[in-house]
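What follows is a single structure, written as structure tokens, with notes after it.
Residue indices begin at 1 and follow the sequence shown.
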Amino acid sequence: MLTSSDHMTDLSNARNSRSVVTGDPQLKKLMTSYGVDQQVKYLHLQAEVESLWQQQQLLKQQRLVLH
């Protein structure tokens with residue numbers, strides 16, 4: 001089970017990597033307006049969506065190669 005310290009570490013790491021990479025103003029707004037737990041949940045969901053999107057793109061490319 002994650003402790004609140006783990007959540008803070010996850011949030012800090014995610015915040016540093018995501019905002020530097022994307023400079024996403026919407027993400028920055030969310031980071032300041034929600035509590036830590038909600039921020040961590042949002043970042044985990046966002047990472048999952050990105051992962052699923054990448055998987056979908058890979059499958060699409062594989063289908064194009066096979067046809």
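Interatomic distance, CD of Q55 versus NZ of K60, reported as 15.5 Å (0.5 Å rounding).
Residues passing the side-chain contact (heavy atoms from CB on, under 4.5 Å) test with Q62 are L58, L59, sequence neighbours excluded. With sequence neighbours excluded, no residue satisfies side-chain contact (heavy atoms from CB on, under 4.5 Å) with L64. For Q54, there are no side-chain contact (heavy atoms from CB on, under 4.5 Å) partners at least two apart in sequence or on another chain.
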